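Report on one structure; see the data block that follows.
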Amino acid sequence: MAALSKSGFGGKTPLALSFVLIVGGFLIHDQLLILTDNVAWHLQGARVLLGGGTLYRDFFETNPPLITYLNVPVVLLAGQFGLSLQRAFCLAVYALAGVSFGLSLRSLLESGVCNRATRWLGCCFVYLVTILPGPDFGEREHLLVLFASPYFLDFAGGLAGGGRGRTHSILCALFAAVGFALKPHFLVGLAAILAYCAFRFRKNALTMVPGAAIIFFVAAVYGLLVVVFHPEYWQTMLPFVMDYYVFESDFRRLLTVFALTGVPLILLAQLPSRSERSFQRVLLAVASVFSLIYFLQQKGFSYHLLPAMIFGYLGLAVALAEDIKFDRRRAMLAVVLLLPFLLGWPVLSAWKTATFQPAYQHSSLLNHVRDRYAGQPVLILTTHFSTPFPLALYAGIEWASRFPSLSMLPVILERAGGEAAARFITGALAEDLGRYSPLAVIIDKETIRESRRGPTSLFAFLNRDSRFAAAFKDYHWVEETPRFLIFERGG
């Protein structure tokens, strides 16, 4: 504790506030959070694995396998202690956040950049990695930040000339390697960060080599393991995604999100400029590279911007902590300008989720499915990934397909040469109907209507396949909601 006090992290107030943020954040996520469709689908993948299924054969996943395997302990935890998957997932992520916080705090202490003002950096870190993600809590980008934060803080401390423990640095690099394995294409960003820092901070550039070597070595080993144990990913899934899955960029959403986060971040980054220390500059460089990756992906989802936001705000916090001893009034002005974005982003994200996405925990479809089909195999045919997941998770049904939705099919049908991939999806759905024999098939009315992109509806296209048509003959219409048609097997 003496070391903490000497370094400026002592005092009861920041530690107490960090504890309040952790407990309060967990309660918010446990009671109010609706897991995103991506998170719910990865939990479903873990359930398939534990049930004896094979990844990429019985479970269609476009990402490398690590994210699915990381969710296996969550499913086991839920089953062992009788927890809901949401509570088990929140516990797991907060446990990861606790480890990340401990390692990050040690990185800051060893960096030598600490002073009296930085005693609140621990609180800032806790807020950034728990509260700030809002509804995007648990996305792969969020997990990447938790895994990589200790490494980048240790990395920046080394460039700033601070002392570094060899064991701690190795542990941080190994921890970060897991995070980059979740998003392997981010290794290109890491290479760009290393190149910039090697050019900008030549004096201490050699301090970067051991950690970077560990990360890229682990990435190479991971790639080799995927080739050996999951050849389907390289042979079938990756070519399928590269050839046929084309995301339609939403530039309006992209620019809106950037205007609300990127522009204020860039402007605020100009305020604390007196300090010549490299620590905050490294973190802001990390944020800039992740912002560039966000633009190159052209998807516009808020969770893709999380690494840029969190590392950017953390860099600003370090800069302000150092700048406050030079010009307290200007630093406090920067804090006042920064707070609305820090506090407003989770609220805005939550409002967006509540306004533009179905409230699954209170929707009539959820109640109907849970009351009538809980524990039974059910299939929902829709092009909206966010409709069946996380609804299937909260309704407690058995998902009766290897696909989360038909979201890929419209894009595939538009592309020249996409017929083979479309036939693969249709044939796989027919196989799933025969293998799982779902008690109910719920069809989104949008799949019945004629498509704006083609001469026929998606459901009519599915029925062209004799295997699918034969399997669906066993189902009859039983009920209709404003958006869905419900069919049941038999009678």
Side-chain angles (χ1 to χ4, degrees), residues 37 41 44 48 53 56-62 236-237 239-241 243-248 358 365 368-369 373 376-389 391-392 395 397-491:
D37 42 23
W41 182 240
Q44 169 66 16
V48 171
Y56 305 119
R57 292 179 186 171
D58 303 310
F59 179 74
F60 188 89
E61 173 55 45
T62 59
T236 304
M237 188 57 58
F240 181 90
V241 173
D243 288 343
Y244 300 111
Y245 185 51
V246 179
F247 195 93
E248 294 180 329
L365 181 61
H368 178 90
V369 172
Y373 306 119
Q376 300 295 325
V378 175
L379 175 61
I380 302 176
L381 295 179
T382 177
T383 57
H384 300 285
F385 186 19
S386 58
T387 298
F389 286 89
L391 184 145
I397 61 174
E398 295 296 326
W399 186 245
S401 177
R402 71 194 75 181
F403 301 104
S405 72
L406 302 175
S407 57
M408 296 179 69
L409 198 52
V411 178
I412 289 172
L413 290 174
E414 278 192 322
R415 300 196 62 186
E419 293 81 4
R423 286 195 299 270
F424 163 75
I425 293 177
T426 306
L429 280 173
E431 290 178 10
D432 292 343
L433 280 174
R435 178 170 54 170
Y436 294 104
S437 296
L439 178 61
V441 175
I442 301 174
I443 301 177
D444 191 330
K445 289 182 180 179
E446 287 188 6
T447 66
I448 301 292
R449 302 188 188 104
E450 289 189 0
S451 174
R452 297 177 182 177
R453 301 174 174 177
T456 186
S457 69
L458 286 178
F459 188 73
F461 175 81
L462 294 175
N463 263 310
R464 289 180 181 177
D465 188 291
S466 59
R467 296 166 297 175
F468 182 88
F472 193 74
K473 281 182 179 179
D474 294 335
Y475 292 85
H476 65 283
W477 173 84
V478 294
E479 195 170 346
E480 180 177 355
T481 72
R483 183 178 168 184
F484 298 96
L485 297 173
I486 301 175
F487 295 78
E488 290 186 358
R489 186 181 69 248

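Only this structure's heavy atoms are used, side chains among them; waters, hydrogens and symmetry mates stay out. Note that the structure is predicted; figures quoted are calculated from it, not measured.
- Note: L406 CG to I425 CD1 = 7.5 Å, rounded to the nearest 0.5 Å.
- Atom OG1 of T481 sits about 8.5 Å away from atom CD1 of I442, to the nearest 0.5 Å.
- To the nearest 0.5 angstrom, E398 atom CD is 9.0 Å from Q376 atom CD.
- Remark: Y475 engages F472 in a ring-ring contact (aromatic ring centres under 6.0 Å, His included) (not counting sequence neighbours).
- H384 places no side-chain N or O within 3.5 Å of a backbone atom of S407 that could act as its donor or acceptor partner.
- Partners of T447 by side-chain hydrogen bond (donor to acceptor under 3.5 Å, both in side chains), not counting sequence neighbours: none found.
- Looking at heavy atoms from C-beta onward, M408 lies in side-chain contact with F60 at the 4.5 angstrom threshold.
- The two residues P388 and P404 have their closest heavy-atom pair at CG-O, 2.9 Å.
- Residues that satisfy the side-chain hydrogen bond (donor to acceptor under 3.5 Å, both in side chains) test with T382, not counting sequence neighbours, are D444.
- Applying the side-chain hydrogen bond (donor to acceptor under 3.5 Å, both in side chains) test to D432 and every residue at least two apart in sequence or in another chain returns S401, R402, R435.
- Note: F389 CZ to L391 CG = 9.0 Å, rounded to the nearest 0.5 Å.
- Pairs passing the ring-ring contact (aromatic ring centres under 6.0 Å, His included) check and including a residue from residues 422-441, sequence neighbours excluded, read F240-F424.
- Taking both residues in full, the closest heavy atoms of P438 and R489 are given as O-NH1, 2.8 Å, listed atom of the first, atom of the second, then distance.
- The minimum heavy-atom distance linking P377 with A400 is given by the pair CB-CB, 4.2 Å.
- Considering CD of E480 and CZ of F487, their distance stands at 9.0 Å, rounded to 0.5 Å.
- Less than 6.0 angstrom separates the ring centroid of F59 from the ring centroid of W41.
- Residues satisfying the ring-ring contact (aromatic ring centres under 6.0 Å, His included) criterion with Y56, sequence neighbours excluded, are H230, Y233.
- In terms of heavy atoms, L485 sits closest to K445 at CD2-CE, 4.0 Å.
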